[in-house]
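Below, chain A is the first sequence line, B the second, and so on; all start at residue 1.
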Amino acid sequence: MNVNKFQQDLVTWYEAEKRDLPWRRERDPYKIWVSEIMLQQTRVDTVIPFFHRFMEQFPTVESLAYADEEAVMKAWEGLGYYSRARNLQSAVREVAESYGGTVPADKDEFLSLKGVGPYTGGAVLSIAYGLPEPAVDGNVMRVMSRLLALWDDIAKPASRKVFEQAVRHVMYEKDPSSFNQALMELGATVCTPTSPACLLCPVQNHCEAFEQGVQRELPVKTKKKSDKKVRMGAVVLQAPDGTVLIEKRPKKGLLANLWQFPNVELPVGVNPRAALESFIQAEFGMTAQIQSEKSTEIIHVFSHLTWEIDVYIGTIELKSAKDRTKFVSKEDVETYAFSVSHQKIWQHVKGMEA
DNA sequence: AACTCGGGGGG
DNA sequence: CCCCCAGAGTT
């Protein structure tokens with residue numbers, strides 16, 4: 001490959017064809033950083049509205065550093081991978097306290113922040129500060145695997161270093177920001193996973209896979225094994241004063257710190273209603289009257305498991321608030337950050353009453 | 001190195 | 001249905 005000409009063709013194409021994305025209008029390293037965290041494993045179109053709302057609410061390092069954690073989680077509600085939000089706020093606090101509010105331009109310093117890994121580190125340092133660091137994401141691995149006909153399995157962690165070295169080899173030192181973004185843009189819009197648009201590709205001449213006619217065989221990616229299913233029972237419990245019981249999830253693990261309605265895993269064969277009533281008694285010390293028939297069923301698919309949630313409706317006579325639980329009015333339920341599956345539960349219950 | 005961690009859009 | 005997305009942290 002003629003590296004020099006490749007760089008020119010790629011960056012020229014990028015400058016002419018790049019999408020007008022909100023974070024591309026920003027120079028503030030903090031805003032670039034937030035965008036890169038949101039974009040982890042998340043499509044551009046999904047991120048855009050979250051990015052706008054987040055920047056309106058938390059426009060500076062300080063505003064996020066000193067924000068209420070519940071407000072941050074509410075702003076992240078529905079975006080997924082919620083540890084990103086907690087790690088980001090933690091890292092921003094570190095920037096406020098240890099770096100005087102300035103996002104560090106030093107590689108070791110920035111990479112030491114929570115939630116900043118090899119990709120995000122390279123992305124922010126190159127885009128915000130112009131440093132010639134690779135930013136290897138799924139797009140870049142796919143593009144580089146085709147360009148250089150690299151047959152390394154991109155599903156394997158060890159392969160990332162191979163692609164980082166490949167990017168270093170072709171890095172456009174004059175404009176690392178445009179170069180890195182151009183590689184990603186190419187992967188997102190032209191060099192796509194299943195049917196690459198090679199006839200429209202600005203660097204077709206430089207592509208080894210196209211030369212060999214193997215662009216559809218690359219990249220090599222072994223697939224992970226299938227997920228498991230879990231059957232759950234969930235119940236919306238109303239007290240005599242009209243409030244409903246919600247509970248905050250544990251601070252570690254799946255959907256950490258998000259709010260939910262009381263629920264319990266249902267082993268095969270158990271009576272869901274009976275299981276829920278005894279769970280409520282044991283976990284919350286309250287006696288619940290639960291309707292005999294489930295009100296609806298919600299299927300929720302995560303990346304690694306599936307919830308089948310039988311949703312019940314019930315009442316309790318005596319309120320007894322415990323740690324991490326609350327009785328909230330129906331108007332206030334939506335001010336708390338719920339996972340999408342439990343948002344759906346609440347939408348269903350509201351629809352029943354309307 | 002393998003597993004965990006969300007949710008949604010496209011073929 | 002399946003794939004996979006501007007990945008990082010934990011084990």
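Residue contacts for A:Val116: at a heavy-atom cut-off of 4.0 Å it reaches the sugar-phosphate backbone alone, with no base atom in range.
What separates CD of A:Gln40 from C1' of C:dC4 is a distance of 15 Å, to the nearest Å.
Taking for each of A:Asp45 and A:Gln343 the nucleotide of DNA chain B with the nearest heavy atom, the 5'-most of the two is the partner of A:Gln343. Map A:Gln41 and A:Pro157 each onto its nearest nucleotide of DNA chain B; the residue landing nearer the 5' end is A:Pro157.
Summarising the local packing, CD of A:Glu56 is surrounded by 12 or fewer heavy atoms from other residues, nucleotides or ligands at distances under 6.0 Å. The local environment of NZ in A:Lys161 is sparse, with at most 12 non-hydrogen atoms from other residues, nucleotides or ligands closer than 6.0 Å. Within 6.0 Å of the CD atom in A:Glu293, the count of heavy atoms belonging to other residues, nucleotides or ligands does not exceed 12.
Under 3.5 Å, the side chain of A:Arg43 and the base of C:dC4 form at least one donor-acceptor pair of N or O atoms. For B:dG6, its base sits under 3.5 Å from the side chain of A:Thr42 at one donor and acceptor pair at least. Donor-acceptor pairing under 3.5 Å, judged by distance alone, is absent between the side chain of A:Tyr119 and the base of C:dG7. Donor-acceptor pairing under 3.5 Å, judged by distance alone, is absent between the side chain of A:Thr46 and the base of B:dG7.
Separating the P atom of B:dG6 from that of C:dT11 is a span of 15 Å, rounded to the nearest Å. The same atom, P, is picked in C:dA6 and in B:dG10; the two are 12 Å apart, to the nearest Å. Taking the C1' atom of each, C:dC4 and B:dC5 are spaced 15 Å apart, rounded to whole Å.
Side-chain N/O atoms of A:Arg84 include none lying less than 4.0 angstrom from OP1 or OP2 on B:dG6. Residue A:Thr120 has a polar side-chain atom (N or O) positioned under 4.0 Å from OP1 or OP2 of C:dA8. Close to B:dG7, at under 4.0 Å from its OP1 or OP2, lies a side-chain N or O of A:Tyr82.
Test A:Phe338, A:Phe54, A:Phe50 against A:Trp76 for ring-ring contact (aromatic ring centres under 6.0 Å, His included) and you get one pass: A:Phe54.
Pair check for B:dG6 finds none; no Watson-Crick or G-U wobble contact set falls under 3.5 Å.
A perpendicular orientation is assigned to the rings of A:Trp307 and A:His342, their planes being inclined by more than 60° (bins at 30° and 60°).
Set against C:dC4, B:dA1, B:dC5, the side chain of A:Tyr81 has B:dC5 as its closest nucleotide. Relative to the side chain of A:His300, the nucleotides C:dC5, B:dG7, B:dA1 differ in distance, and B:dG7 lies closest.
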